[in-house]
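Written out below as structure tokens is the structure these notes cover.
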There are 2 protein chains.
Amino acid sequence: MAKAKAAAPRERDRIVIRAVDEVATAVHRAIGAKRKPEMDFPVRALSNVKYDEKVGYFEIGKGKAVRTLTVNTAKSFAQTLLMMEFSKKQIVDNKEATKREAYYISKNWGDAAFDEQAESDTVMDDVEAMFSAWGVNREMMRFKAEEHGGSVAGALTIVDRHRKSGDEIRIDCTKFGSGAYTVPSNVEQLRFETKAKFVLVIETGGTFDRLNTEEYWSTANCILVEMGGVPTRACRRFIRRLMEEVRIPVYAFTDCDPYGFANIYRTLKVGSGNAAHINQFFCVPKASFLGVTPQDIVDYKLPTHPLKEIDIKRGQDALRNDPFYEVHPKWKHAVEQLLKMGVRAEQQAFAKFGLDFVMDEYLPRKLKDPKKFLP
Amino acid sequence: MAKAKAAAPRERDRIVIRAVDEVATAVHRAIGAKRKPEMDFPVRALSNVKYDEKVGYFEIGKGKAVRTLTVNTAKSFAQTLLMMEFSKKQIVDNKEATKREAYYISKNWGDAAFDEQAESDTVMDDVEAMFSAWGVNREMMRFKAEEHGGSVAGALTIVDRHRKSGDEIRIDCTKFGSGAYTVPSNVEQLRFETKAKFVLVIETGGTFDRLNTEEYWSTANCILVEMGGVPTRACRRFIRRLMEEVRIPVYAFTDCDPYGFANIYRTLKVGSGNAAHINQFFCVPKASFLGVTPQDIVDYKLPTHPLKEIDIKRGQDALRNDPFYEVHPKWKHAVEQLLKMGVRAEQQAFAKFGLDFVMDEYLPRKLKDPKKFLP
């Protein structure tokens with residue numbers, strides 16, 4: 001995981017420029033020597049992934065696709081090189097572009113202009129996967145997603161820098177009242193200071209709002225992060241960067257359904273298959289699962305809904321194809337238990353026992369014994 | 001628009017309690033007099049809406065649905081009364097519940113428990129519509145949406161209150177670095193201080209991020225609000241409340257397509273048909289449309305995409321059925337022009353001319369003459 005530690009900003013820039021220069025030089029040399037130039041791209045699929053609990057996240061395997069310059073590949077070959085050049089230019093100019101802006105910039109590339117943003121996104125992902133061998137991710141290449149997302153409140157001071165002057169900006173996340181701090185789309189420059197005991201990452205805006213309004217972060221001395229469903233890349237990277245600076249536990253609090261387990265929690269902790277080349281930067285291997293568990297449904301007699309067909313399919317897929325569940329028998333058991341029960345429960349179901357029950361009863365009881373959390 | 005001005009917190013609570021008590025007393029009296037009790041609900045549909053430019057928003061018409069207590073309506077009648085009671089209890093306890101929590105609370109209502117959240121949401125909307133005659137909205141009843149949403153940065157200080165101590169919390173929106181302030185799901189208690197010249201409300205996270213990162217709010221002395229598509233109720237109410245305290249122009253900056261015109265801008269400015277009973281609280285009648293306009297596509301030779309079938313349908317619907325476009329010939333012309341051109345353009349299309357073009361050229365040129373903005 002050495003590569004995963006965030007490098008200092010200038011060092012990050014140097015790494016990207018080195019990657020661009022090395023790939024471009026190799027292409028240039030091949031042409032000079034009258035050989036066909038080639039570029040190698042790791043295969044991005046669950047089939048090309050391995051999971052070792054000690055490493056902590058899905059790693060990309062050795063499968064490679066080679067793109068050789070031919071008549072058929074001339075356009076995408078040129079687009080790949082132009083995307084690399086644009087990335088380097090952004091670093092030199094100290095700029096950043098969204099993925100959509102990058103697509104529009106390509107309209108100046110003559111015949112190599114992209115017709116659809118989906119095409120430019122794919123080329124960007126390919127370059128990122130190729131550059132992952134250098135320890136580069138898309139954010140380092142100065143490309144960011146359209147959406148940011150993720151809200152933060154509680155015992156945390158975020159240290160940002162003024163873009164032009166470089167002056168420090170200190171953001172105290174206890175000072176937002178009923179509001180919160182919005183995670184920006186690029187979090188690479190942020191630093192963190194906290195005396196909190198743990199981070200509670202929360203699936204729904206409703207539960208986040210409840211805990212924030214009641215200042216649960218003060219009672220429990222913690223940091224609250226709202227994911228709003230599957231966390232955006234920026235939100236995952238934010239939690240990951242926080243973890244690199246402050247070594248406190250991360251507890252996930254989601255609905256009790258296969259979506260909460262496999263799509264939200266598993267992605268947060270070990271990453272996803274189709275973006276395995278970047279999991280080293282985005283995963284939070286030390287996260288553990290506070291709830292809601294299938295056993296909670298039984299213990300608290302929670303109101304439930306029947307599992308939908310898609311829930312059942314997701315649960316079965318997790319048991320069949322997902323290396324994460326293979327490695328963790330406790331999780332396998334939990335998914336099996338849920339499928340057998342045939343129901344799901346939302347984290348707000350505790351409201352049945354009163355609006356404060358989640359804060360006054362459920363969380364304190366759980367937090368007495370984090371060792372019992374699902375891994 | 002007298003009713004629309006935000007009442008002080010205690011006064012707001014009193015208004016809701018009065019509404020609950022008056023409706024409940026009428027029901028109680030009818031039963032005492034052995035008459036069948038009734039409740040009146042305004043019809044919530046575009047067909048029961050009128051638009052007068054001087055009023056500034058879609059107003060609900062006189063159409064009413066009467067719900068009489070019968071064997072068939074016993075359950076929904078009871079649910080309506082229990083929802084009113086729950087709202088009153090929340091005010092007494094100084095609490096707030098999300099719509100989903102309210103659904104779970106109903107699980108304690110015995111036979112009157114809701115089976116699905118969709119049912120409890122509908123009853124809540126009905127009560128809100130009924131109470132609109134008293135000047136009550138759902139937020140005043142202490143119910144909030146699951147999602148909040150909307151990010152804010154720039155020349156604005158938000159004044160919130162500490163929930164328990166009542167102490168003032170001052171939030172300076174120039175101090176978030178690359179981040180921003182997340183609008184909470186209930187904004188009723190917020191106050192505002194600003195010397196900004198205008199508010200720029202922006203459709204996409206990408207454009208918001210660009211303008212925020214480059215601190216455009218400092219250059220132009222303005223407030224930036226990211227809507228992230230159609231603004232959430234909280235985001236609309238935030239802008240509206242801001243407008244009640246500081247009388248500066250609101251300029252909308254969206255993509256150039258029927259969705260940006262009719263779904264985003266029209267909803268922001270005059271509201272929607274199916275929630276016409278609350279438009280008095282949520283609309284920003286003085287908003288005007290900075291762009292992107294169909295004429296901008298021509299003038300700037302913007303990269304475009306062909307209109308999809310759904311875009312064309314939306315545009316045609318606007319021309320046929322929407323009172324807003326009937327009243328504003330300039331808008332009618334703009335939609336006709338776009339349909340004729342057969343293309344749409346995104347606000348990030350300006351990136352073709354360089355990442356800073358939107359900030360250094362487009363916005364300053366436009367802002368020289370706001371009178372030319374579409375109404």
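Side chains included, hydrogens not; waters and symmetry mates left out as well; all remaining heavy atoms used. In what follows, chains carry the letters A, B, and so on, assigned in the order in which the sequence lines appear, proteins first and then strands, with residues in each chain numbered from 1.
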Proximity of residues 84-92 of chain B to chain A, residues having a non-hydrogen atom under 4.5 angstrom: Gln90(B)
Pairs where residues 220-235 of chain A contributes a residue and the test salt bridge (Lys or Arg N to Asp or Glu O under 4.0 Å) is met, not counting sequence neighbours: Glu128(A)-Arg233(A), Glu139(A)-Arg233(A)
Among Ala145(A), Ala153(A), Gly354(A), Gly177(A), which has the most heavy-atom pairs under 4.5 Å with chain B? Gly177(A)
Option in Lys175(B), Glu346(B), Glu96(B) with maximal non-hydrogen atom pairs under 4.5 Å from chain A: Glu346(B)
Given Leu302(A), Asp115(A), Thr182(A), the one with more heavy-atom pairs under 4.5 angstrom with chain B than any other is Thr182(A)
Shorter than 4.5 Å, heavy atoms on both sides: which option in Glu116(A), His305(A), Arg170(A) has the most such pairs with chain B? His305(A)
If you count heavy-atom pairs under 4.5 Å between each of Ser151(A), Gly206(A), Gly205(A), Ser178(A) and chain B, which one has the most? Ser178(A)
Ile171(A): side-chain contact (heavy atoms from CB on, under 4.5 Å) partners, not counting sequence neighbours: Ile158(A), Asp160(A), Ile169(A), Phe176(A), Tyr181(A), Phe176(B)
Would you say the side chain of Arg100(B) lies within less than 4.5 Å of the side chain of Gln347(A), judging by non-hydrogen atoms? no
Side chain / backbone / both / neither for Asp93(B) at chain A, heavy atoms under 4.5 Å: neither
Less than 4.5 Å to any heavy atom of chain B: does that hold for the side chain of Ser185(A), its backbone, both, or neither? both
Inter-chain contacts: residues 101-112 of chain A against chain B, heavy atoms under 4.5 Å: Glu101(A), Tyr103(A), Tyr104(A), Ile105(A), Lys107(A), Asn108(A)
